[in-house]
Amino acid sequence: LPNSVRLAIVTLSRNGAGLYANQPHESSVSRALEALTNSNLLEEIKVSMINLSELCELSPEMVKWLVKAYGGCGLDHVETIMTTHVNEVDLQGAGCTIFAATFKLFPFCGRCEELTHFEVGKINYSAAIHSAKYVAAIRRALSRHKAESSIVRRGMTALGAFLAGPACFLGDEKKLFDDTTRLTFMNSLEECLDIMTSYQNEIEIISVSMWYLRCMLMVDPMESKVCGSRLFAEIFESVCMHDNIDLRINACCALLSLIHEDHEDEMISATEGGLLARALMLCLGAESEELVEVSSELTAIIIYRAVRFVGDIIDAKDSIRTIVSCMIRNDGKPDIICNCCMILASIVALHDDDDLPLIIEHGGLSGIVNIMDNYSENRVVIENSSKALRDIVKGTPSECLPPNLFKTIMNVMEENIGNPDVMSSLLETIWHLSSRESEYVDHFSTQQAISSIIETMNLNIPDVNVQSGGCAALWSLAIHGDNKHLIGNCGGLESITNSLMAHLDSFFLLVPSC
């Protein structure tokens, strides 16, 4: 056909994938690829590329047909077009969209050029979907067209999708990349930060860039050392200054990856800790479960490891109310419960006389006791809640203690008697309760209670914390009534002797046992 006629056909097809979408998948992709690879007319190549990108966004089956085309080299044709037309904005944007759709469908396993196996129409195919040259094409598009917001958004989406596979599915397996893949992404964090600086007012680009940062840091956290404080500052700003839920989730996840590195305490100390703390308090009250979970984990770690922030978090009633409310509101979500218990335990450990009454006033103590009742067989929840209970009970007046506390402690001891982490906390709690003149002295001055303490010590001889807690509990009970006889009749003296013999070099155990 004459060029004028062909141009007219191309113009009519500018409705995008609508020209092919009603045809079978194979036919739609084949026609678009044929036009893309056989035409010498730039305008027709552009429209074919755009059509192909819209087809891939329409259906995962379209992506599969593209990948399997030309003997598994369909994506090579897309990369070739991007390489030979580097200055064409429409082509570069469409190519990034195609790669983004492909990487989302086929998770990356961690090694470039490895074959990915998939099925189309009950037939098995293989293709090198995750190729270094595809990443190079995307990064080149971002570098050449950094002023084009559409390409930046699509390109960062594609890079994030490439890394999301190992970040999401391989969890804690760090240093996943082989040398080829690491070279492929070298300096990409710094380029990403440049983009975030240039587009600081465009939330969509900031959000997808933070998603990429999150994935990159989860897969290879050592990359963070290249960017240092600048990286922290950008992440902190995303947590503190933006209300976008997805952006905050990704920023919190990125920060979680960073604070597990050796340099995190110094870096966090150099930032606006109070601003971060207040932002995290807002996140704890969010409706998004994912945001609450990741922000509560981040808050718990920061409080525990950088206690200078705690004053900023708990300087008002609303802060403690938010933490307790978050714990109670998410009663069916163990991870969030654990994080909130860790936060409350760290707050109490600071020995601020104003904090404990607020925790009790807002229902923190009773909430923890109820959690222990409901999760007595959940090891992680019980370990964290029992530690929080120990620290809170230590300074709580007897009249403020929940009426079901004794029953809860005995039930949890029975369910977790072989868990030294739980038992050491509960035995120390019993020590605190029985060291004061209250009804709890009578509760624990029974053969059942004293036998449970001694049995716990006997079953956890190697654990010095259990032995110390048990000896302290027996010590405080022995000064009341006839408890000396009960302790002796239940084998307490033998247990104390066994504790000493097993831990002769422990000064920590010496005082309560003697």
Side-chain angles (χ1 to χ4, degrees), residues 365 368-369 372-373 376-377 379 382-383 385-514:
L365 178 55
I368 289 171
V369 172
M372 295 177 72
D373 284 333
S376 61
E377 297 182 4
R379 181 183 62 82
I382 286 297
E383 285 178 3
S385 58
S386 62
K387 290 175 184 176
L389 178 72
R390 174 198 63 196
D391 294 337
I392 294 174
V393 162
K394 184 176 181 179
T396 301
S398 298
E399 62 271 16
C400 296
L401 295 171
N404 58 329
L405 179 57
F406 170 74
K407 182 179 179 181
T408 297
I409 290 175
M410 296 305 295
N411 288 340
V412 174
M413 286 182 69
E414 183 178 351
E415 295 284 352
N416 297 271
I417 196 166
N419 186 329
D421 290 330
V422 174
M423 301 316 293
S424 61
S425 296
L426 291 182
L427 290 174
E428 191 173 340
T429 302
I430 295 174
W431 170 39
H432 295 317
L433 290 172
S434 55
S435 297
R436 62 183 79 172
E437 292 292 338
S438 72
E439 62 183 273
Y440 283 94
V441 173
D442 295 332
H443 287 323
F444 290 108
S445 297
T446 65
Q447 183 171 345
Q448 177 192 5
I450 290 175
S451 295
S452 294
I453 295 171
I454 294 171
E455 184 182 3
T456 299
M457 294 173 64
N458 293 338
L459 290 175
N460 295 277
I461 286 290
D463 192 281
V464 68
N465 292 317
V466 171
Q467 301 308 311
S468 176
C471 288
L474 294 177
W475 176 23
S476 61
L477 286 170
I479 64 176
H480 297 286
D482 295 327
N483 286 342
K484 290 187 182 69
H485 299 293
L486 278 176
I487 293 171
N489 293 336
C490 293
L493 290 176
E494 183 180 356
S495 294
I496 295 171
T497 303
N498 291 337
S499 295
L500 278 170
M501 296 302 294
H503 303 281
L504 287 173
D505 58 344
S506 174
F507 180 79
F508 179 60
L509 178 61
L510 186 62
V511 173
S513 62
C514 290

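Note that the structure is a prediction, hence the values are computed from the model and not measured. We count residues from 1, following the sequence as given.
- Note that CG of Leu427 and CE of Met457 are 8.0 Å apart. Values are rounded to the nearest 0.5 Å.
- Residue Gly491 comes nearest to Ile454 through the heavy atom pair O-CG2, 4.0 Å, listed as atom of the first residue, atom of the second, then distance.
- With rounding to the nearest 0.5 Å, the separation of NE2 in His480 from CG in Leu486 is 13.5 Å.
- When all heavy atoms are compared, the tightest approach of Met410 to Ser452 is CE-OG, 3.6 Å.
- Here the side chain of Ser386 pairs a donor or acceptor atom with the backbone of Ile382 at under 3.5 angstrom.
- Leu401 meets the side-chain contact (heavy atoms from CB on, under 4.5 Å) test with Leu365, Val393, Thr396, Leu405, Leu433, Arg436, Tyr440; sequence neighbours excluded.
- Legend: residues meeting side-chain contact (heavy atoms from CB on, under 4.5 Å) with Ser476, ordered by chain and number and at least two apart, are Trp431, Ser434, Ser435.
- Judged as a side chain to side chain donor-acceptor pair (under 3.5 Å), the pairs with a partner in residues 406-422 (not counting sequence neighbours) are, in order, Asp373-Thr408, Glu383-Asn419.
- The aromatic rings of Phe406 and His443 sit parallel, their planes meeting at an angle under 30°, below the 60° perpendicular limit.
- Rounding to the nearest 0.5 angstrom, the gap separating the OG1 atom in Thr429 from the CG atom in Asp391 is 8.0 Å.
- Summarising the geometry, atom CG belonging to Asp463 is positioned 11.0 Å from atom CE belonging to Met423; distances are rounded to the nearest 0.5 Å.
- Scanning both residues, Ala478 and Lys484, for their nearest heavy atoms gives O-NZ, 3.1 Å.
- In this structure, the side chains of Glu439 and Ser398 stay at 4.5 Å or more apart for every pair of heavy atoms.
- A donor-acceptor pair under 3.5 Å is formed between the side chain of Asn460 and the backbone N or O of Ile417.
- Residues Ser495 and Asn458 approach most closely at OG-OD1, 2.7 Å, considering heavy atoms.
- One finds the CD atom of Gln448 at 11.0 Å from the CD1 atom of Ile453 (value rounded to the nearest 0.5 Å).
- How far CG of Leu426 is from NZ of Lys387: 11.5 Å, rounded to the nearest 0.5 Å.
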